[in-house]
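To keep things clear, I will list the structure first and then write my remarks on it.
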Amino acid sequence: MTLLAASALSGGYGGAEVVREVDLAVAEGDCVAVLGPNGAGKSTLLRLLAGILPATSGTVELRGRPLAAWRRREVAQAVGFVPQSVSFAFPLTVAEVAQQGRAPHLGPWRPPSPHDHAAVAAALGRVGLAGREGAAVQRLSGGERQLVLLARALASEPRVLLLDEPATALDVRHQLDLVAILRELTAKGVGAVVVVHDWNFALRVANRVAVLHGGRLRAAGAPEEVLRPELFRAVFGVDVELVERPGGVPFLVPRA
Amino acid sequence: MKRAADVTLVLVLLLASAAALLAGGPAATPADAFAALAGGGTQEARMVVLGLRLPRLLLGIGVGAALALAGAALQSLLGNPLADPFLLGISGGGAAAATAAFALLPAAALGLVPAAAMAGAAGATGLVWWMARGPLGSSSTRMILAGVAVNAAASAAILTILSVAPSPRLPGALAVTMGSLASANGAAVAWLAPYLFVPAFVLLLHGRDLGLLATGEESAAALGVEVGTVRRRVFLAAAALSGGAVAFAGVIGFVGLVTPHLCRMVWGQNTRRLLPRAALAGAALMVLGDLVARRAVAPAELPVGVVTALLGVPFFVVLLRRTS
């Protein structure tokens, strides 16, 4: 079943279109990696899909209904969004940030229930932050902050997860944890869209990739079909070699 | 521990209120005042306690709660620990409009002063927000600078009006710029009530949204906040609270800045829990500040704005050094 579908989606900032006529569908269990050069419109596409940036034309549908027909809170209940970073003006604790993920389910007055607390604890445990609930996020490293934001999104128990470069500040151990988390979620039927720069990360985690170039969708499909040397030359201007490994995930190496 | 802090807060407010009613000059000694409150006492003591001290106490509670709520809400909405109705020029804008209303309106229409103050505060809020907002959202530095500009413009407007306004109106206009609870009466308290209760309800309704907005508009929108709607409502509520406070007590600085931070230190960053406690703490702080203002140099009296500034400026310096 299709969870999130964009058709002829365009949008940007202050009249300048950054994303142009993109078609993209995320079904249950899909993990779509979005790749592209800097400034290709990847983060903008993610904001459009989350509905936090209004489309200038085209539509995004959540479970077959346009985003505009849902209330903002209903969208947030179904779609988890992990931004690249968040500015913490106040000394919030790890637990306080993770609890924000439950806000879409609570509304203005209802206090958190045992289920809400359990979801937050499970999310913090899953990203490896159990025991760090009382730490101030302002004092955490960039990578740890990314994990807190991931925990916040997991705590909301979304049907679709949108992640904007979630692995950039993570060490290799936590990158592998992230791969495992995404695989677990997709195995449960959650759909995911991950903006990444690391092609090999995409190969490990995604069942489909979408390559953006100049705001337009340049290619989309299964990773091994899309991530070909010709595409890299055209989009990134680099020569790459696809190294096959018997029985394992292939990997891409740029030729210096 | 937080439960104990709640109890302490209520006790402090009750004790400060009792002190504000009982303490005073020879016209009503504590014993006289107690008798008056119990329904007896001399006519003079009853007049002083029920006609002067009680309205002044209630106005102090209302103004302190209004400023602290406005400050707490603006800090979260703007994601800026330095936000405060006074520093952002919102109180200044309200004061300029209130001064103009005092000077220009016929005496019969002075009931419109609070509405003018609210409109001035709303105008100043919009102006600061518009000036501070760049292509990537608003920055703390730009926002404080915008507040400086609006405050300077408000001061200039107030001084111009005071220079040219007809003299019989000046005492009223001067009271607005000084920040004092001395002109409190029953009517002022009744007028302030709607400027306090309606916006306070709006802010409590959006308490959770405000907590999410403190981590940025994009982040809040992703968590289900209707950012545009909430921002408009909170700005209007903060303007009404600040405008109401300015109209009846003049410009009183730093209560809106200091109180929410003190509460954050005790009760944490959960905005939904913070807002009602900030309101109570602002009320307690204002009542205590006014007590000091009344008694420190008795029989003369300091404007309460002087006391809150003496308390608030060092706090602001510390906060500025700590905030990146």
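Computation of the quantities below employed the complete heavy-atom set of this structure, encompassing side-chain atoms and omitting hydrogens, waters and symmetry-equivalent molecules. To find a chain, count down the sequence lines: A is the first, B the second, and so on, and within it residues start at 1.
For a residue to count as touching a neighbouring chain, one of its non-hydrogen atoms must lie under 4.5 Å from one of that chain's; by this rule B:Q75 touches chain A with backbone and side chain alike. Using a 4.5 Å cut-off between heavy atoms, B:H206 does not touch chain A at all.
Below 4.5 Å, heavy atoms of chain A meet heavy atoms from B:G268, B:Q269, B:N270, B:R272, all part of residues 265-274 of chain B. Of all residues in residues 97-116 of chain A, those placing a non-hydrogen atom less than 4.5 angstrom from a non-hydrogen atom of chain B are A:Q100, A:G101, A:A103, A:P104, A:L106, A:G107, A:P108, A:W109, A:R110, A:P111, A:P112. Proximity to chain A at a heavy-atom threshold of 4.5 Å picks out B:A221, B:A222, B:L223, B:G224, B:V225, B:E226 from residues 220-229 of chain B, in numerical order. Near-neighbour residues of residues 125-157 of chain A relative to chain B, defined by a heavy atom under 4.5 Å from a heavy atom of that chain, comprise A:R152.
For the pair A:V86 and B:T215, the tightest heavy-atom approach, listed with the atom from each and the gap, is CG1-O, 3.3 Å. Counting all heavy atoms, side chain and backbone alike, A:A89 lies closest to B:P81 at O-CG, 3.5 Å.
Rounded to the nearest 0.5 Å, atoms CZ (A:F81) and OG (B:S219) are 9.0 Å apart.
More than 12 heavy atoms of other residues, nucleotides or ligands lie within 6.0 Å of CZ in B:F315, so this atom counts as buried by the packing criterion. Summarising the local packing, CZ of B:R3 is surrounded by 12 or fewer heavy atoms from other residues, nucleotides or ligands at distances under 6.0 Å.
Here A:P91 is the residue among A:S87, A:P83, A:P91, A:G14 with the most heavy-atom pairs under 4.5 Å with chain B.
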